[in-house]
Amino acid sequence: MELVPGPGPLLLLFLQWLGSRDFASAGKMKVVEEPNTFGLNNPFLPQTSRLQARRDPSAASGPAHLFRLSGKCFSLVESMYKYEFCPFHNVTQHEQTFRWNAYSGILGIWDEWEIFNNTFTGMWMRDGDSCGTKNRQTKVDLACGKSHKLARVSEPSTCVYSLTFETPLVCHPHALLVYPTLPENLQHKWDRTEQSLADELITSQGYDKLLKEVFEEAGYLKASAEKEAVNPEGDAKGPKFEGLEKCNKEYEELSKEIKRLKDLLTQNHIAYTKHRESTGAEYLDYKKPATSSPVWSSTRPPEHLRGDAGLQNDLL
């Protein structure tokens, strides 16, 4: 059997020197990552990183004790979808499958409150992802519960979602009253509106309109599209009539209402002045006598509006 001679000492030294050079150069190598091709639905990215919001959320508003929910999110899994509600931020939906293009989308961004019977009844999330010719939107109803919990979700109409969020923060009977959350100047404005309604100086429709303006000024409601819309001349859009006959009829009714208000002001010895704008419409501006007493003290409205003074302490 013939033995094959091993490498000589010089060859071994040469191999060791060559290996040391390779390792040194390897330490300077730059690692280049392949670009991912999964797009917005890359499964290796957090789901929230894939979503593109149309706008920023509105400022947090409403009952101060609910602000502690800001910055938190609550989820519910229904069938193959996970719904996530982040108060004062947004509502999202994530498909819980391993499909390469699993859906993740925004169902609405915090917009404004829904107010009914002078009470906060729900949170509107609007301007979500596109859905045909419109954007997705969600109404979140608030309900009393033992813990913070996203309890139910449904889609009553196409691309309009309904969520129910339970929380102990709304269990107090006065937890969602609007009046106590208003600054003092808007409470006074509400008081004057109540007084005008009681004195029959405004109609119930006028009362609702003035109260809505209070809510808009407080930031609880967004300004109506009619108030923001302007014509090319820059004037606010006025009422539209289908024909001259209907226009004349509306004019007669408005004239009668103005006469009634004039007579009422005169009977109560309330001074008023007339203002005329370029449209020819007539408005009344009145000043109430200093001796006039309000419906209730501005610091103590009726019980159903005032709420308990210790509400914040009870909730905290």
Side-chain angles (χ1 to χ4, degrees), residues 55-70 85 87-91 108-127 135 137-143 160 162-165 167 169-170 172-230 236-237 239 283 294-309 311-312 315:
R55 61 169 177 83
D56 293 331
S58 301
S61 63
H65 54 274
L66 295 183
F67 293 174
R68 68 185 68 178
L69 298 175
S70 183
F85 167 53
F88 303 109
H89 191 64
N90 64 21
V91 173
I109 302 169
W110 162 238
D111 191 51
E112 65 176 351
W113 284 97
E114 179 176 84
I115 298 177
F116 177 74
N117 195 25
N118 303 328
T119 303
F120 296 106
T121 58
M123 305 177 72
W124 272 107
M125 307 284 186
R126 297 192 172 97
D127 298 322
N135 298 329
Q137 60 178 329
T138 302
K139 180 192 171 188
V140 182
D141 294 310
L142 304 177
V160 178
S162 176
L163 273 62
T164 299
F165 178 69
T167 172
L169 296 176
V170 301
H172 192 285
H174 298 151
L176 293 175
L177 290 181
V178 177
Y179 188 94
T181 67
L182 294 171
E184 187 175 358
N185 64 312
L186 292 182
Q187 287 185 348
H188 291 334
K189 189 172 182 178
W190 190 334
D191 296 343
R192 293 193 296 271
T193 301
E194 292 283 347
Q195 179 69 63
S196 298
L197 180 65
D199 290 342
E200 297 184 350
L201 297 176
I202 57 175
T203 63
S204 57
Q205 291 84 355
Y207 170 83
D208 292 339
K209 181 180 179 181
L210 291 174
L211 212 54
K212 184 181 178 184
E213 291 178 358
V214 170
F215 300 154
E216 290 175 351
E217 190 173 345
Y220 302 156
L221 299 179
K222 288 294 187 65
S224 61
E226 292 78 14
K227 291 173 62 178
E228 295 176 345
V230 293
K237 290 185 176 179
Y283 301 89
V295 175
W296 68 77
S297 169
S298 60
T299 58
R300 190 176 179 82
E303 184 68 23
H304 73 285
L305 294 178
R306 179 171 54 85
D308 289 344
L311 172 58
Q312 295 295 331
L315 292 169

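Hydrogens, waters and symmetry mates play no part in the numbers below; they use all other heavy atoms, side chains included.
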What residues, two or more places apart in sequence or in another chain, satisfy side chain to side chain donor-acceptor pair (under 3.5 Å) together with Thr193? none

Partners passing side chain to side chain contact (heavy atoms under 4.5 Å, CB included) against Glu112 (at least two apart in sequence or in another chain): Trp124, Arg126, Leu221, Lys222

Partner set under ring pair (Phe, Tyr, Trp, His ring centres under 6.0 Å) for Phe165, not counting sequence neighbours: Phe74, Phe85

I need the minimum non-hydrogen distance between Ala175 and Val170, along with the two atoms involved. CB-CA, 3.7 Å

By side chain to side chain donor-acceptor pair (under 3.5 Å), Thr119 pairs with (sequence neighbours left out) none

Working to the nearest 0.5 Å, report the span between OG1 of Thr181 and CZ of Phe215. 8.5 Å

Measuring from atom OG1 of Thr167 to atom NE2 of His65, what distance do you get when rounded to the nearest 0.5 angstrom? 8.0 Å

Roughly how far, to the nearest 0.5 Å, is NE2 of His172 from CG of Leu177? 9.5 Å

For Leu186, give me all partners under side chain to side chain contact (heavy atoms under 4.5 Å, CB included), at least two apart in sequence or on another chain. Leu182, Pro183, Lys189, Val214, Glu217, Ala218

For Thr164, check side chain to side chain donor-acceptor pair (under 3.5 Å) against everything at least two apart and list the hits. none

What about the rings of Phe120 and Trp113, do their centers lie closer together than 6.0 Å? yes

Could you list the residues that satisfy ring pair (Phe, Tyr, Trp, His ring centres under 6.0 Å) with Phe88, not counting sequence neighbours? Phe67, Trp110

Quick check for you: to the nearest 0.5 Å, what is the distance between Gln195 atom CD and Leu197 atom CG? 10.0 Å

Here the gap from Leu142 atom CG to Leu163 atom CG, rounded to the nearest 0.5 Å, amounts to 11.0 Å

With side chains defined as the heavy atoms from C-beta onward, is the minimum distance between Val91 and Met123 less than 4.5 Å? no

Separation of Ile202 CD1 from Asp208 CG (nearest 0.5 Å): 9.0 Å

All heavy atoms of Gly62 vs all of Tyr220, minimum pair found to be N-CE2, 3.3 Å

Ignoring hydrogens, what is the shortest heavy-atom contact between His89 and Pro57? Give both atom names and the distance. ND1-CG, 3.5 Å

Kindly write out the residues that satisfy side chain to side chain donor-acceptor pair (under 3.5 Å) with Lys139, not counting sequence neighbours, or none if the list is empty. Glu114, Asp141

